[in-house]
Amino acid sequence: MKIDYDNQVIEFNVQYGNGKKISIHIDSSGRITLKVPKKTSEETIKEVALRNGKLIVEKLQKIEAARETPKLKEYEDEGKFLHLGKYYSLQELIETGDLNEEELKLKLKKFYFASCKKIVGERINKYQTQLRVKPKTIEIVESRTKWGSCSSDKKLTFNYRLAMAPVEVIDYVIIHELCHLLHMNHDRSFWRKVGSLMPDYKEKEAYLARYGRAMTL
C-alpha cells in the first residue's frame with residue numbers, strides 16, 4: 001500500500017491481526033509496517049499513515065543519515081568512529097596524545113576488543129540463563145567474515161567489531177550463538193528458539209547486512 005505525503009510516495013506493508021489499535025513500525029532497513037485490526041478499511045489505514053506522515057518521513061531520514069559513513073577513516077580528532085551504534089570523535093574514545101596513525105589504529109583496536117569483551121560478558125549471562133546453556137569458553141577475535149561462531153565443543157567466539165553495533169544487535173549475535181549450543185544447524189527449531197528470545201531478530205540481521213561495512217577500522 002502507498003500514500004502521497006509532502007510530494008513524496010511512502011510505501012508500507014499492512015499486517016492484519018487481533019489487536020484493537022493501529023500501530024506503525026519502521027525497522028532499521030527503512031521497511032514500514034502498519035499493524036491493524038482485522039477488517040480495517042484501506043481508507044482508514046491510509047488516513048492513519050497520512051496523519052503520521054511527518055513522523056514517518058523524519059524516521060526514514062534518520063535511517064538514511066545513519067547509512068552515510070566516512071569514505072576514509074581519519075585518524076585525527078575530527079575522525080568519526082562507531083561505538084555501540086553511535087559515531088564518536090577519536091578523542092572521545094581513546095587518548096590520542098602524540099601518537100602516529102598506526103599507533104592510534106592499534107590503540108583504537110585494543111579499545112574495541114576491551115569494549116566487546118565487557119559488553120558480551122555483561123549481556124551473555126542473561127541469555128544463557130534463559131536458555132539454560134553454558135558455553136565452554138568465550139573469546140573475542142578478529143574476523144572479516146563472521147560476527148560470531150559456535151564450535152562443536154561449545155566454544156563461542158565474537159568479532160571485536162561488534163562493539164561498534166547497537167547493544168540490541170550485539171544481543172542478537174549472542175542469542176544466535178547461544179542457540180547453537182542447542183541446535184548446531186540453522187533448522188526450524190534453531191530459528192524458533194532464537195525468535196522466542198528475540199521476535200524481531202530479522203531486523204537485527206538486516207542491520208548487520210546493511211551497516212556491517214561501516215563497522216571497521
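All values below were derived from every heavy atom in this structure, side-chain atoms included, with hydrogens, water molecules and symmetry-related copies excluded.
Counting only distance, with no hydrogens or angles, the side chain of T129 and the backbone of N125 share a donor-acceptor pair below 3.5 Å. Formation of a donor-acceptor pair under 3.5 Å by the S115 side chain with backbone atoms of Y112 is not found in this model. A donor-acceptor distance shorter than 3.5 angstrom exists from the side chain of D187 to the backbone of F190, with no hydrogens or angles considered. Between the side chain of T40 and the backbone N or O of P37 there is at least one donor-acceptor pair closer than 3.5 Å. For the pair K154 (side chain) and T137 (backbone), a donor-acceptor distance under 3.5 Å is absent. N100 places a side-chain N or O within donor-acceptor distance of the main-chain N or O of E103, the cut-off being under 3.5 Å. A distance-only check finds no donor-acceptor pair linking the side chain of N159 to the backbone of G148 [under 3.5 Å].
Side-chain heavy atoms closer than 4.5 Å link hydrophobic residues (I, L, V, M, F, W, Y) into clusters, and following such links, possibly through other members, connects V48 to L50. Under a hydrophobic clustering in which Ile, Leu, Val, Met, Phe, Trp and Tyr are joined whenever their side-chain heavy atoms come within less than 4.5 Å, directly or via other members, L108 and L106 fall into different clusters. In terms of hydrophobic clustering, with Ile, Leu, Val, Met, Phe, Trp and Tyr side chains grouped at heavy-atom distances under 4.5 Å, L178 and M184 are assigned to different clusters. Cluster membership for I124 and V167, using ILVMFWY side-chain heavy atoms within less than 4.5 angstrom, is shared. I170 and V133 fall within a single hydrophobic cluster, where Ile, Leu, Val, Met, Phe, Trp and Tyr side chains are chained together by heavy-atom contacts under 4.5 Å.
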Quick one, Y88 with K80, criterion side chain to side chain contact (heavy atoms under 4.5 Å, CB included). Give me CA distance, side-chain angles, the key distance, then yes/no.
CA-CA 5 Å; Y88 295 87; K80 296 296 182 181; over 6 Å; no

Please lay out, stage by stage, how Q15 and V36 fare under the test side chain to side chain contact (heavy atoms under 4.5 Å, CB included).
CA-CA 6 Å; Q15 183 178 325; V36 306; over 6 Å; no

With side chain to side chain contact (heavy atoms under 4.5 Å, CB included) as the criterion, how do T157 and I140 come out once you've worked through the C-alpha distance, each side chain's angles and the decisive distance to 0.1 Å?
CA-CA 6 Å; T157 64; I140 308 303; over 6 Å; no

Checking side chain to side chain contact (heavy atoms under 4.5 Å, CB included) for the pair S149/L156: CA distance, chi angles, key distance, verdict?
CA-CA 6 Å; S149 67; L156 302 189; over 6 Å; no

Salt bridge (charged side-chain N to carboxylate O under 4.0 Å, His left out) between K46 and E42, worked out:
CA-CA 6 Å; K46 288 185 175 181; E42 182 176 325; 3.2 Å; yes

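One finds the NZ atom of K193 at 11.5 Å from the CD1 atom of I175 (value rounded to the nearest 0.5 Å). Between atom OH of residue Y127 and atom CE of residue M198 there is a gap of 5.0 Å, rounded to the nearest 0.5 Å. Annotation: the span from L34 atom CG to N52 atom CG amounts to 8.0 Å, rounded to 0.5 Å. To the nearest 0.5 angstrom, M215 atom CE is 14.5 Å from F81 atom CZ. Atoms CD and CD, from E203 and E168 in turn, are 9.5 Å apart once rounded to the nearest 0.5 Å. Interatomic distance, C150 SG to K136 NZ, rounded to the nearest 0.5 Å: 12.5 Å.
Here the side chains of D200 and K204 are in contact, with some heavy-atom distance below 4.5 Å. Counting only heavy atoms from C-beta outward, the side chains of V173 and F158 approach each other to under 4.5 Å. The shortest side-chain heavy-atom distance between V57 and D6 does not fall under the 4.5 Å cut-off. Annotation: side chain of V120 is in contact with side chain of I138 (closest heavy-atom distance under 4.5 Å). Looking at R132 and L182, their side chains never come closer than 4.5 Å, going by heavy atoms from C-beta outward. Contact check for M164 versus L84: no side-chain heavy atoms found under the 4.5 Å cut-off. Annotation: side chain of Q128 is in contact with side chain of P135 (closest heavy-atom distance under 4.5 Å). With contacts defined as side-chain heavy-atom distances shorter than 4.5 Å, the pair I45/M1 qualifies.
Residues Y201 and H176 place their aromatic rings such that the two centres sit no closer than 6.0 Å. In this structure, Y160 has its ring center closer than 6.0 angstrom to the ring center of F113.
Checked against salt bridge (Lys or Arg N to Asp or Glu O under 4.0 Å), K2 has the following partners two or more places apart in sequence or in another chain: E11. In this view, R123 and D171 satisfy the side chain to side chain donor-acceptor pair (under 3.5 Å) rule, not counting sequence neighbours. For H183, the side chain to side chain donor-acceptor pair (under 3.5 Å) test picks out no residue, with sequence neighbours left out.
Between E92 and S89, the side chains place a donor N or O and an acceptor N or O closer than 3.5 Å (distance only, hydrogens not considered). Between the side chains of N18 and K38, a donor-acceptor pair is found at a separation under 3.5 Å.
Nearest heavy-atom pair across T96 and Q91 is CG2-CA, 4.1 Å. Smallest separation of non-hydrogen atoms from G212 and W147: CA-CZ2, 3.9 Å. In terms of heavy-atom proximity, Y16 sits nearest to K39 at CD2-N, 4.4 Å.
With respect to K109 and E142, a salt bridge is recorded, a charged nitrogen being found less than 4.0 Å from a carboxylate O. For the pair E58 and K62, the salt-bridge criterion is not met [side-chain N within less than 4.0 Å of a carboxylate O].
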